[in-house]
There are 2 protein chains.
Amino acid sequence: MGDGTPATADGKPATIYDVAARAGVSKSLVSLVLQRSPKVSDQRREAVLRAIQELDYRPSTAAVSLAGTRSRTIGVVLDDFRNQWFVDLLTGLREALQDQGHRLVVADRFLNTGLDVSPVEGFLSMRVEGIVIAGEPDTDLAIPASMPVVVAGGRATLPRADTVANDDRAGGRMAAEHLLALGHTRIGFVGGRSAASAERRAGLEAGVAAATSGASVVTHVMPGEPTEAAGAEAVGLLLDAHPDVTAVFAANDVMALGAMSGLADRGLRVPEDVSVMGYDDTPLAATAYVGLTSIDDRSVDIGRGAGERLLARIADPSAPAHETLVEPRLVARRTTAAR
Amino acid sequence: MGDGTPATADGKPATIYDVAARAGVSKSLVSLVLQRSPKVSDQRREAVLRAIQELDYRPSTAAVSLAGTRSRTIGVVLDDFRNQWFVDLLTGLREALQDQGHRLVVADRFLNTGLDVSPVEGFLSMRVEGIVIAGEPDTDLAIPASMPVVVAGGRATLPRADTVANDDRAGGRMAAEHLLALGHTRIGFVGGRSAASAERRAGLEAGVAAATSGASVVTHVMPGEPTEAAGAEAVGLLLDAHPDVTAVFAANDVMALGAMSGLADRGLRVPEDVSVMGYDDTPLAATAYVGLTSIDDRSVDIGRGAGERLLARIADPSAPAHETLVEPRLVARRTTAAR
DNA sequence: TTGTAAGCGTTATCAA
DNA sequence: TTGATAACGCTTACAA
């Protein structure tokens with residue numbers, strides 16, 4: 001038993017009744033044992049635990065959350081499973097939530113938890129106790145005002161939601177310091193139209209301005225999605241206009257990769273001719289083949305922070321919305337070099 | 001309403017009772033409307049639907065699955081969220097299952113759906129109607145014999161489980177044909193100890209043997225995990241032993257990437273000096289910067305097939321275990337060229 | 001410390 | 001076509 005044997009004679013999973021009968025006690029006693037109540041005699045407890053083993057009993061989550069006062073479930077909405085950064089985010093969320101006895105249910109925009117319109121619909125049906133929005137929240141998520149929400153890794157366009165995000169401006173400043181330290185004086189920035197991109201650029205410019213090196217920044221912002229192709233195109237336009245650029249900071253790793261292939265197309269070597277750095281420290285950047293210098297947004301810590309915030313908000317729903325910025329970290333690799 | 005307003009006066013979500021009262025009908029009638037029963041008068045139906053709208057009512061999944069005969073839920077076990085191929089697999093699974101009214105719940109080895117030891121534990125508690133194992137199944141998953149299971153994208157080490165997987169041997173053969181057509185006669189293989197790797201190699205060798213070109217294959221199999229580092233090391237050892245190799249086929253894209261960086265370390269250019277190809281057609285391979293020729297294992301189709309198989313097994317639990325092989329597809333990119 | 005009994009929000013089975 | 005009413009498997013007062 002315990003090895004996956006069907007539970008009761010009729011093939012259906014065992015219930016608390018079956019356990020009670022087998023252990024010779026009442027259902028309530030079984031329930032108490034399940035909840036690790038201290039006021040159960042060792043003798044009974046052991047009898048119950050033995051019956052549970054023998055019957056391969058497992059409480060029905062449906063019954064538990066229906067009968068109980070809490071569902072002990074947290075919903076996590078991902079913008080897209082293809083964005084790898086959620087892996088680290090989940091790790092952090094788990095640390096903060098799962099270990100506190102909460103179940104995590106993950107859904108992306110498409111993986112509706114049923115036949116619902118949005119993932120949030122499904123979560124509301126499940127009576128989750130709180131929701132984590134990973135990334136930029138869709139504006140029309142229709143979350144009830146009473147539902148505790150925290151936005152992790154994106155600006156809160158949602159009212160009354162807590163936020164835990166990477167400090168993009170600080171990251172931009174770090175990029176500036178890194179490139180200035182390497183002796184670059186003409187720095188290019190390529191990015192998109194997102195708020196994060198704008199912040200990163202602002203940080204870069206602030207960092208360069210703060211230095212006394214006389215260095216300067218030129219930028220090219222692309223409309224549309226921040227894709228690899230956009231990065232390649234942007235770096236081409238940037239170099240056409242400013243051939244003296246020796247270092248390029250991209251708003252994210254994907255665009256940085258595009259910049260690298262754009263540079264290769266022009267016969268420019270990285271980092272000998274031009275240094276390149278990205279943002280997010282994706283697995284892609286970390287491969288030896290790419291070896292992209294990047295800014296680590298510390299998703300694990302963002303996840304942990306978001307989980308803690310959510311717990312705090314569940315405990316005190318009326319607390320004012322709180323915004324936490326996580327300090328990023330520069331990871332130097334082979335794509336940046338002294339000039 | 002419908003915009004996320006709390007439902008009832010006391011802030012708790014509306015129940016079927018609230019809807020019934022508001023619409024002036026019995027709870028049973030509301031339930032019938034919910035189930036799209038045809039034997040409800042249009043008048044009543046509209047009254048009920050209006051009440052649902054006004055109260056922002058949403059059925060409790062807990063109550064539904066407790067009272068109903070089926071949970072309409074399928075559990076998906078991923079080996080690791082970091083393996084991107086599951087994204088496509090999920091797309092296929094959704095097509096086959098979600099559209100049939102099934103809810104998909106995803107868990108990886110770490111994201112336990114609760115405080116359970118394994119993700120399967122959580123699924124059993126949720127009373128899922130079937131389980132999809134994505135990738136190589138852990139041997140000690142302890143799934144009850146009565147639970148419908150299909151292994152998607154891995155060899156079934158599980159008894160009585162259906163399997164839907166990529167035809168690794170056919171993929172290896174395709175690699176052979178591609179490289180032979182480009183004129184390569186000395187082909188290297190680098191791989192790991194997995195069954196998939198062995199099959200891919202076997203396919204490569206069979207493909208080369210079948211040709212009359214007089215080409216040959218030399219291989220280097222690494223112990224341990226099939227990482228980028230392993231790929232780099234393997235290609236180095238391979239070239240030390242066989243400097244005349246002009247094309248390398250790696251058992252997967254990650255090792256192929258390693259091979260590319262290993263070749264770069266030796267000052268060899270890809271594809272001018274050595275052609276490289278991988279397997280899995282990961283997003284990494286598809287980037288313009290990497291542009292790796294690879295074998296697409298068609299995960300979307302595997303997912304769809306797995307979903308369909310699972311439905312078939314749920315319908316007929318006693319059917320014999322079935323194995324489906326999906327024909328892979330070669331995707332030529334810039335890392336392979338004529339010699 | 002243990003048992004009894006009343007919910008929790010649905011579906012399902014009957015009658016009406 | 002509708003409405004009572006009994007499950008479903010568990011938690012939680014309240015009693016004992």
Side-chain angles (χ1 to χ4, degrees), chain A residues 7-8 10 12-48 51-52 55-73 101 103 114 124-129, chain B residues 7-8 10 12-48 51-52 55-73 101 103 114 124-129:
Chain A
T8 44
D10 56 334
K12 288 175 162 284
T15 72
I16 202 172
Y17 288 86
D18 301 321
V19 175
R22 177 140 194 157
V25 301
S26 72
K27 311 105 217 190
S28 337
L29 225 239
V30 177
S31 182
L32 287 177
V33 170
L34 254 30
Q35 296 164 67
R36 298 179 184 358
S37 164
K39 32 188 174 184
V40 175
S41 68
D42 288 353
Q43 190 191 358
R44 307 278 198 172
R45 180 192 316 280
E46 276 175 37
V48 169
I52 287 178
L55 294 175
D56 197 25
Y57 166 79
R58 237 175 292 274
S60 148
T61 54
V64 170
S65 75
L66 185 57
T69 37
R70 333 179 30 182
S71 69
R72 296 201 153 280
T73 302
R103 186 188 325 281
L124 294 177
S125 287
M126 302 173 91
R127 307 295 188 252
V128 298
E129 294 180 22
Chain B
T8 46
D10 56 334
K12 285 175 165 288
T15 73
I16 202 172
Y17 287 86
D18 302 321
V19 175
R22 178 140 194 158
V25 300
S26 73
K27 308 103 221 200
S28 324
L29 223 246
V30 177
S31 183
L32 287 177
V33 171
L34 253 29
Q35 296 165 66
R36 292 174 177 28
S37 164
K39 33 187 173 185
V40 175
S41 68
D42 288 353
Q43 190 190 359
R44 307 278 200 172
R45 180 193 314 281
E46 276 176 37
V48 169
I52 287 178
L55 294 175
D56 197 25
Y57 166 79
R58 237 175 291 274
S60 147
T61 55
V64 170
S65 75
L66 184 56
T69 38
R70 331 178 33 182
S71 68
R72 297 201 153 279
T73 302
R103 187 190 322 283
L124 294 177
S125 286
M126 301 173 92
R127 307 295 189 253
V128 297
E129 294 180 24

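To find a chain, count down the sequence lines: A is the first, B the second, and so on, and within it residues start at 1. Heavy atoms only: backbone and side chains are in, while hydrogens, waters and symmetry mates are out.
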Length of the line joining [X]:[atom1] and [N]:[atom2], which is rounded to integer Å:
{"X": "A:L34", "N": "D:dC10", "atom1": "CG", "atom2": "C1'", "answer": "9 Å"}
{"X": "B:L29", "N": "D:dT1", "atom1": "CG", "atom2": "C1'", "answer": "8 Å"}
{"X": "B:R127", "N": "C:dT10", "atom1": "CZ", "atom2": "C1'", "answer": "17 Å"}
{"X": "A:L66", "N": "C:dC8", "atom1": "CG", "atom2": "P", "answer": "9 Å"}
{"X": "B:I16", "N": "C:dA12", "atom1": "CD1", "atom2": "C1'", "answer": "12 Å"}
{"X": "A:Q43", "N": "C:dT1", "atom1": "CD", "atom2": "P", "answer": "13 Å"}
{"X": "B:Y17", "N": "C:dG9", "atom1": "OH", "atom2": "C1'", "answer": "7 Å"}
{"X": "B:I52", "N": "C:dT10", "atom1": "CD1", "atom2": "P", "answer": "10 Å"}

Search all heavy atoms of B:S71 against all heavy atoms of B:R127 and return the closest pair with its distance. OG-O, 2.6 Å
Looking at A:P13 and A:D18, what are the two nearest heavy atoms and their distance? O-OD2, 4.4 Å
Could you walk me through whether A:V48 and A:L32 pass the side chain to side chain contact (heavy atoms under 4.5 Å, CB included) check? CA-CA 10 Å; A:V48 169; A:L32 287 177; over 6 Å; no
For the side chain of A:S65 and the backbone of B:A62, is there at least one donor-acceptor N/O pair under 3.5 Å apart? no
Look at all strands and tell whether A:V30 reaches a base, only sugar-phosphate, or nothing, counting heavy atoms closer than 4.0 Å. nothing
Are any protein N/O atoms closer than 3.5 Å to N/O atoms in nucleotides 12-16 of chain D? If there are, list each pair with its distance.
| unit_1 | atom_1 | unit_2 | atom_2 | d |
| --- | --- | --- | --- | --- |
| D:dT12 | OP2 | A:Q35 | OE1 | 3.2 |

Report yes if at least one side-chain N or O of [X] is closer than 4.0 Å to OP1 or OP2 of [N]; otherwise report no.
{"X": "B:R44", "N": "D:dT1", "result": "no"}
{"X": "B:S41", "N": "D:dT2", "result": "yes"}
{"X": "A:S60", "N": "D:dG9", "result": "no"}
{"X": "A:S26", "N": "C:dG3", "result": "yes"}

Residue set satisfying side chain to side chain contact (heavy atoms under 4.5 Å, CB included) with B:S26, at least two apart, ordered chain then number -> B:S28, B:L29
Residues that B:R45 engages under side chain to side chain contact (heavy atoms under 4.5 Å, CB included), provided they are two or more places apart: B:V33, B:V40, B:D42, B:L49
How would you list all residue pairs meeting salt bridge (Lys or Arg N to Asp or Glu O under 4.0 Å) that involve residues 21-36 of chain A, not counting sequence neighbours? A:R22-A:E54
Drop me the distance from B:M126's CE to B:T73's OG1, to the nearest 0.5 angstrom. 6.0 Å
Just how large is the angle between the end axes of the helix from C:dT1-D:dA16 to C:dA16-D:dT1, five pairs per end, to 10 degrees? 40°
My understanding is that only residues two or more places apart in sequence, or in another chain, count here; which of them pass side chain to side chain donor-acceptor pair (under 3.5 Å) with A:Q35? A:S31
